[in-house]
Q: 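Please find one structure pasted underneath; my questions will follow.
All of these numbers come straight from a predicted model, not from anything done at the bench. So that the names make sense, note that chain A is the first sequence line, chain B the second, and so on, each numbered from 1.
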Amino acid sequence: MRKAVKTGIYFSHPVGSQAHTINYRELYKYIKNVPVVTKIWDSTVNPISDEEYFTGEITSKSINRIIIAGYLPGYLKSIFSRFLKKAGEEAENISLVELYEHPLPDVPSTEIAKSKLICAIYDVPYEAAILAEMNPSQSETLVIGGGIAGIQAALDIANSHNKVYLVEKTGTIGGHMAMFDKTFPTLDCAACILTPKMVEVSNHPFIELMTYSEIKKISGIPGNYSVNILQKARRVNVNTCTGCGTCAEKCPGTSKSEFDAGTTMRKAIYMPFPQAVPNKYLIDADSCRYVQNGKCGVCVKNCPVENCINLDEKDKEVEVQVGNIVVATGFKTFNASRMEQYGYGKYPNVLTSLELERLVNAAGPTGGKISFRTQDKKGNWVFTAEGPEPKSVAIIHCVGSRDENYNKYCSRVCCMYSLKLAHLIKEKLPDAEIFEHYIDMRAFGKGYEEFYDRILHEGIHIIRGKTAKIEEHQDKLLLRTEDIEHNRILEQEVEMVILSVGLEPNNETGDLASILGIGLSANGWLQEANSLSNTTETSSGGIFIAGTCQGPKDIPDSVVQASAAASGVIQSIMLKKTEQSMKNISLSTIESKARELSLINGE
Amino acid sequence: MEEIRIGVYICWCGSNIAQLIDVKFIAGEIKKLENVIISRDYKYMCSDPGQETLIADIKQNKLNRIVVAACSPRIHEPTFRKALEKAGLNPYMFQMANIREQDSWVHIDKEYATLKAVALVKAAVSRVKHHEPLNKKSVEVNSATMVIGGGITGLTSALEIAQAGKQVYLIEKSDSLGGITAKIDLTYPDLKSAGQMIRPKISQVQNHNLIEVFLNTILEDISGYVGNFSTKVRRNGTSEEITFGNIIVATGLKPFSPVTIPEYKYKVLPDVITSIELEKMLQDGTVKTSDGSKPDNIAIIHCVGSRNEQYHPYCSRTCCSTALKYANQLRSLLPDAHLFDIYADMRAYGKGCEEFYTNTSNKNIMFLMYDQKNGLPEIRKANSSDNAGMIITFSEKLSGENIEVPVDLVILMTAVEAHEDAKEVARLTGISLCGNDFYIEKHPKLDPVATTTDGVYIAGTCQGPKGIDESIVQAKAAAAKVLSMIAMGSIEIEVAVSHVNEEVCCGCQTCIMVCPYKAISFDEEKNVSVVNEALCKGCGTCGSTCPTGAIKSLHFTDIQILSQIEGLLKTESETI
Amino acid sequence: MTFEPTIVSFLCNWCSYTGADLAGTSRIPYSPNLRTIRIMCSGRIEPTFVMKAFREGADGVLMCGCHPGDCHYHEGNYKCLRRYHLLQKYIVQMGIEKERMRLEWISASEGKQFAALADEFTETIKKLGPSKIKKVMETLT
Amino acid sequence: MNRVDPKFKDKLKPYGISDWNECFHCGNCTAICSHSEDSLLMPRNGIRAIQLGLKDKIHNNVDPWLCYYCGDCSEECPRNANPGELMMALRRYLTTVYDWTGVSRIFYTSRTVMIAAFLIVAAAVVGIGAMYSFQLEPIMEFGHLFEKIAIISVAAFILLPNIIRMFRLTLIKQKIKVPLSTLLSGIADLVINMFTQKKTLDCKENRVRWFEHFILVLGYLLLLATTVFLNWFGTDNIYIIIFGYVVGAITFIVTFDFIIRRIRKKAEISKFSHLSDWMFVVWLFLMGLSTFLIRVFIDIGIIQDHLWLYLVHLIILAQWAVIIVPFGKWMHFLYRSFAIYIAEMKKKALSLKQQNQVTTITA
């Protein structure tokens, strides 16, 4: 049945620079002549506060439906509900059209505004109208990033017996999770639960693992992407290396271990960590003497396998054809030395949370003993199992997060991992005084509040107040904080400070987004298709996002998102079709599709 | 019985093993053992030539048991099993001795290391004699799926599966789809319309030819196992039976009723309302007090029934951001009203939520912090001189003062709790409940949508409080698990499962109690326990519990382990 | 000649065995007296296995499982713990010192702890001297 | 029990309070402030009092006077809430609270009234000039007399009563009992603080600012003394003349530097200047400059031909004396010194009270 509809459209303008990105004159011209559009209002001409005017207009023009378009239209929804109700119409007959989100790369925002509006006018969901065309899809999938999200997405897709290329930029999969000691709130050991998954990836018949590789170029159309992958020279043959480690014993080149967050040194030829997958060595060109100076080759001499190490190996590029792509490039931690007031990098015993994760780990630099950084014979500051244990430790939350001077957003995981670290320190050093300095304790997940409660009863001092500065004072660290709850200034002397650093998008995120043709959100995270209903797809067809590259999240949320992204991929493979990219769908296509799907008709 | 012919291979692993352990000596010692036909050492057993030697030996010498002494079985057991298969031998007729990670790499004394290696290999030889061929089994997967619950989660799961071309049965107890989401006006942090999002989904589900919607329907019984479930559903008094391969449970949540909290006087004072009641007002565009007047002062109280041992110890996760959403909506509707937001910790954690909090702060809202440790805010009726309907008193944490807030309308951000049907559905589907009646996932981190029952998945708020966007992601994740199983068509089930010898079983049912997977059931007729191989994961706990020894844990049988112990300790040569 | 005991260890596949492997990959040396039997879960350890080990001449038996709450099969390790307490009473009656049997939790990242445990347990057994039960059994039969 | 007052903060808007909402109370500002201690938690406590509208708490507190606006708190504020500026605005507000006449409130809240007052004073000066038929000698004589009367009457009718009011609000009304001996013993410090503002030195990297400020205060007071008591314009004593030149120059050069800095708005502290702040420095500069120029004109003998200069100087002087000094920023200098004194007294009273409690318990 077709119903007679009279629509009033209200445009609400944003404040600030965004205002000029849409050509409103053109937009109004475009929608003016659609038969169901009865009236167009503009917030600059008709302020919303003029209730009498609006109810009068609605009654006199017998408008029975409102579209609020522009900036944050939801803010005005209740007001228009009231207007409609006053005029005797249904209060729910309101559609919201946000015109200032999801900027698509290479598409003028006026065009997107037009297509979103025309869908709203015909009362057809925008997503339904742009689903108009599907491309035939290949069954292979590319997963970018070998952290827990990438691993999970790859496994879910491969378990449906479809080929997955898993590309990882470092020498091993595992990502940040492999570095963690325990996971909150259950405190199960990260390695125990992650390494079986990593082994599963390496043994999976449907996963082709490409470590030490980067995405160079992507071309083609959704459903049929061709991807150029740069395989950086490992200089060690993955097939013949037995992982014995003889090569590393005499290697003269050293560098800070990435896996140990820089708390230990590794050789230039190295295995990232004992459970690395693939469980093979690789050479880091930056610290390899042969690569740098052309003289060395000790590893080649010592390697028991013939022709296994090739120091002259060059990078190579391979091309793969895939139907869908899952991006799971993860995060990097905030560079704590940017906050000079905390003296990270200046005071040896101000550590980041990631460094502490390694320090408390049984396989870490001290075998799980929490000790100070002390100076060795050469004067380097190192952690040793013989180092003295701190008697007092302070943990500072929100380092680089919730701060307009650094990152405005909340990093979502720091509160919980800080509580976890406090617990782990307490477990190892029961007599140590442990202080947590927080702003809001964001223990929101399943079992998190209960964990917080448990920590509160473990004798850990939880203090509401952000530490303002740290100074070194006679080998101790002097912290100045306002203890808000107890109305006092705390000047504490502690022996070790942990900075709970926030999460930031990985360095490559921006480049990758432009290679993939997808957008970035305000803080540099990857932009999802819809922040409410679709956080795993993007504006480009066949390109999915999962895990922390979309925004900070904890392990379970990353894993769930990875599976959700996999769902879209499997669906596409089963249908043998992939959605078109939004930017490739013309306005006229959307318009005709909207008209076709619509149940609305003007009189 | 066929003759036992064992081939033993000692790997050098380059110098990794051979440097410390005298591999030639071991090979010689082992050669002396009964049933050992071949005993060799080789530089790299895992290499292609190494595996080819193994395959050729099996074929030439009719070997039917293989032992490889090399690295950890966690690394290369699958490799050698494949080699056995290539040679036409059952892959389970194989045993590894770990003489690298647990011998050559951790010991210093050559003699002891070699002796230990001999013992380990002997144990493996002794064990492998008792190995039995095991065959991979698989069960067909019915490609239909049952989704329980017609809220946003259930709708999303159903659509995700149906759009991939597979049948879905969507079961909903009430008479309409949409659940709680359909009752919500806007969402945070972008103030999008929930209705605008869910209405098309509902109509899509209703019109999809692969989705059969069962409204007003309750589940009577579920039977079967992964890939092959069937259920009886009762709709409008009539019973129907449907069969399917997987279940997604999305029973959702219900709001907590604050009548039990005396401080808030809900249902006592007429202008104390819950968040869901406010939603209705906002949808209509008029926020009024009980006497129909415009409220000048409105307070929002957080954590009502959450984070409190007396009511619910957990955090309800979404209320903080939802409260910020209300603050925005109220500010828009009542530009001159005084708004108070009484919170405990502002948990605006999601993408864009902290920014939402900042923006909301700028909308002239007074944020007040309380601490449940110091008691809940108390609402009382105001005096005529107070110029407001009610007074809220509490100790304000950020100023350290005892505060009075005059208000005309109070909105309680009520906790969410597991749906009342959760227990019944859990019983039917074999899901476990945590203390708060939410469902327990298979693994809280790495398998958050699976349950301990294969083929039964959970999604959305039945697993714990979460927002709409998060529920949708979970719904899709559960759909992914189902879709990949459907795509395979069949699933391989664990080979090394438990097996009950019916003649020995006394019917005591101890094994049923200890099984973590509910894989053992009781056959009343025969008075014996029966293992469902599709559910068993092979942990062997039942085997070690069985008082009569009726349960055999395949590939880890008593005789296999006992003879391994025997082999380990019968070291004849004490010195080299 | 010093007494070199023989110790049988039962390690669960998911945590303890992986932890022992990690001691290997990290090249942490420990005493070579430990001989391992891999089982899927510590819940599979039957009392007869332990008795068999003692009877065949083991001087000590070490059982390792996942830390409480970490069991791959949810709670097999708890079941092992329960049996362990009973079994300890039993072996004492059999004339075996209760120190000869140990149950410890080792996670997959605790290679170092595993090595330390192996050394420490070997030391304990060395102090106790050879187990007499094998000889007793031989004379009995 | 304190009742919140959501309307209170609106009253503070004219004093330059802008971002009060942004603060989410992390406590960073209080912790970073080098003046804050257990008995003096600022600026966060002040922000909270404004947010909740706890009027008494604001009126009773001298905290804002103890802030010297180094800007650290605003620079590191995670929500850009400008706690430093907030303290500044609170000082402006408190000036009006202490002022018994209520005139300063009118000046702060209405720019029109303030400009009108300036114009009226200017007109009055011109009128007096006309009265003396624009003869230099009598006008100068009048000017000199006016200076003396103004100082005495402002001190007697405005400064003294306001200081008493300040005492009443912050000490007496709160029933804080301070022994007389303690009150007297603090006076020395009060005087030192008043002329040196040495507390500024506690602020981080503030020596240059303090020195500049110190020189300015010194220059201003000495200029005042030279003109009023040493009759600089009338004297022939060469030492006094040179001395006057030096202090006059100091006054307008240093203020000129202040103005330049304000225009550039580079430093955190100069980012948010209120109209009253501008007036203060500009008038100070003009006073220094005009005084300097008059003596120059006298010395080169052209003052007779340039009577306008003296009239301009007198206008500036009159506006300064009857508007800026009693009702404007000038009072900050006085209140701040007394605030330090009061805070010290409160602290002593508190520790005395605690001592008494302890003794009663032990007894």
Q: Please classify the contact of Gln550(A) with chain B as side chain, backbone, both or neither, using a heavy-atom distance under 4.5 Å.
A: both
Q: Given that the side chain runs from C-beta out, which part of Tyr438(A) has a heavy atom under 4.5 Å from chain B: side chain, backbone, both or neither?
A: side chain
Q: Could you look at Gln152(A) and say if it's the side chain, the backbone, both or neither that has a heavy atom under 4.5 Å from chain B?
A: side chain
Q: If you tally heavy-atom pairs under 4.5 Å against chain B, which of Tyr448(A), Trp525(A), Phe184(A) wins?
A: Phe184(A)
Q: Let me know if Gln204(B) has heavy atoms under 4.5 Å from chain A in its side chain, its backbone, both or neither.
A: neither
Q: Given heavy-atom pairs under 4.5 angstrom as the criterion, report whether the side chain, backbone, both or neither of Lys166(B) touches chain A.
A: side chain
Q: Can you tell me which portion of Thr536(A) sits under 4.5 Å from chain B's heavy atoms? Options are side chain, backbone, both or neither.
A: side chain
Q: Using modelled atom types and a 3.5 Å cut-off, is there a donor and acceptor pairing between side-chain atoms of Gln474(B) and backbone atoms of Gly460(B)?
A: yes
Q: Is it true that the side chains of Lys85(A) and Thr286(B) contain a donor and an acceptor less than 3.5 Å apart?
A: no
Q: By a 4.5 Å heavy-atom criterion (distance strictly below it), what part of Lys373(B) contacts chain A: side chain, backbone, both, or neither?
A: side chain
Q: Where on Ser471(B) is there a heavy atom nearer than 4.5 Å to chain A: the side chain, the backbone, both, or neither?
A: neither
Q: Which heavy atom in Glu354(B) sits nearest to a heavy atom in Cys410(A), and how many Å separate them?
A: CB-N, 3.6 Å
Q: So for Ile440(B), is it side chain, backbone, both, or neither that comes closer than 4.5 Å to the heavy atoms of chain A?
A: backbone
Q: Please determine, among Ser95(A), Ser160(A), Ser567(A), the option with the most heavy-atom pairs under 4.5 Å with chain B.
A: Ser567(A)
Q: Under a 4.5 Å heavy-atom cut-off, does chain A meet the side chain of Pro444(B), its backbone, both or neither?
A: both
Q: Check each atom of Met485(B) against the heavy atoms of chain A and say whether the ones under 4.5 Å are side chain, backbone, both or neither.
A: neither
Q: Please identify, among Leu96(A), Ile439(A), Ile484(A), Leu194(A), the residue contributing the most non-hydrogen atom pairs under 4.5 Å to chain B.
A: Leu96(A)
Q: Under 6.0 Å from the NZ atom of Lys408(A), do we count more than 12 heavy atoms belonging to anything else shown?
A: no
Q: With a 4.5 angstrom heavy-atom cut-off, which part of Gln163(B) approaches chain A: side chain, backbone, both or neither?
A: both
Q: Under a 4.5 Å heavy-atom cutoff, which of Gly551(A), Ser533(A), Pro304(A), Ala566(A) has the most pairs with chain B?
A: Ser533(A)
Q: Asn16(B) versus chain A, heavy atoms under 4.5 Å apart: side chain, backbone, both or neither?
A: side chain
Q: Do the side chains of Ser12(A) and Pro73(A) get nearer than 4.5 Å, heavy atoms only?
A: no
Q: Check whether any side-chain heavy atom of Val559(A) sits under 4.5 Å from a side-chain heavy atom of Pro448(B), and report yes or no.
A: yes
Q: So, taking the atom named NZ in Lys192(B) and the one named CD1 in Ile468(B), what distance separates them when rounded to the nearest 0.5 Å?
A: 11.5 Å
Q: Does Glu470(B) reach the side chain of Arg317(B), with side-chain heavy atoms less than 4.5 Å apart?
A: yes
Q: Regarding Ser484(B) and Asp156(A), do their side chains bring together a donor and an acceptor under 3.5 Å, going by distance alone?
A: no
Q: What part of Lys325(B) gets within 4.5 angstrom of chain A, counting heavy atoms only: side chain, backbone, both, or neither?
A: neither
Q: So which of His486(A), Arg82(A), Arg442(A) has the largest heavy-atom pair count under 4.5 angstrom toward chain B?
A: Arg442(A)
Q: Is Asp554(A) close to chain B through its backbone or its side chain, or both, or neither, when contacts mean heavy atoms under 4.5 Å?
A: neither
Q: Any donor-acceptor pair under 3.5 Å linking the side-chain atoms of Asn302(A) with those of Glu249(A)?
A: no
Q: I'd like to know if the side chain of Glu200(A) and the backbone of Leu155(A) have a donor-acceptor N/O pair within less than 3.5 Å.
A: no
Q: Let's test your reading of the structure: which of Glu485(A), Glu92(A), Lys553(A), Lys446(A) forms the most heavy-atom pairs below 4.5 Å with chain B?
A: Lys446(A)
Q: With no hydrogens and no angle check, just 3.5 Å: does a side-chain donor-acceptor pair link Thr535(A) and Asp469(B)?
A: no
Q: At a 4.5 Å cut-off on heavy atoms, which part of Met197(B) comes close to chain A: side chain, backbone, both, or neither?
A: side chain
Q: With a 4.5 angstrom heavy-atom cut-off, could you sort out which part of Ser558(A) is near chain B: side chain, backbone, both or neither?
A: neither
Q: Answer yes or no: is there a donor N or O on one side and an acceptor on the other, between the side chain of Glu160(B) and the main chain of Ala479(B), under 3.5 Å?
A: no
Q: Could you look at Ala348(B) and say if it's the side chain, the backbone, both or neither that has a heavy atom under 4.5 Å from chain A?
A: both
Q: Chain A heavy atoms under 4.5 Å from Arg331(B): which part of the residue, side chain, backbone, both or neither?
A: both
Q: Let's test your reading of the structure: which of Ser316(B), Ala477(B), Ala194(B) forms the most heavy-atom pairs below 4.5 Å with chain A?
A: Ala477(B)
Q: Without swapping roles, check the side chain of Asn207(B) against the backbone of Ser203(B) for a donor-acceptor pair under 3.5 Å.
A: yes
Q: Could you look at Leu483(B) and say if it's the side chain, the backbone, both or neither that has a heavy atom under 4.5 Å from chain A?
A: both
Q: Say whether Asn534(A) and Glu127(A), considering side chains only, have a donor N or O and an acceptor N or O under 3.5 Å apart.
A: no
Q: Non-hydrogen atoms of chain B under 4.5 Å away: do they reach the side chain of Asn159(A), the backbone, both or neither?
A: both
Q: With a 4.5 angstrom heavy-atom cut-off, which part of Ile94(A) approaches chain B: side chain, backbone, both or neither?
A: backbone
Q: Between Ser202(A) and Val199(A), is there a donor-acceptor pair closer than 3.5 Å when you use the side chain of the first and the backbone of the second?
A: yes
Q: Answer whether the closest heavy-atom distance between the side chains of Glu441(B) and Tyr439(B) falls below 4.5 Å.
A: no
Q: In terms of heavy-atom proximity below 4.5 Å to chain B, should Asn523(A) be classed as side chain, backbone, both, or neither?
A: side chain
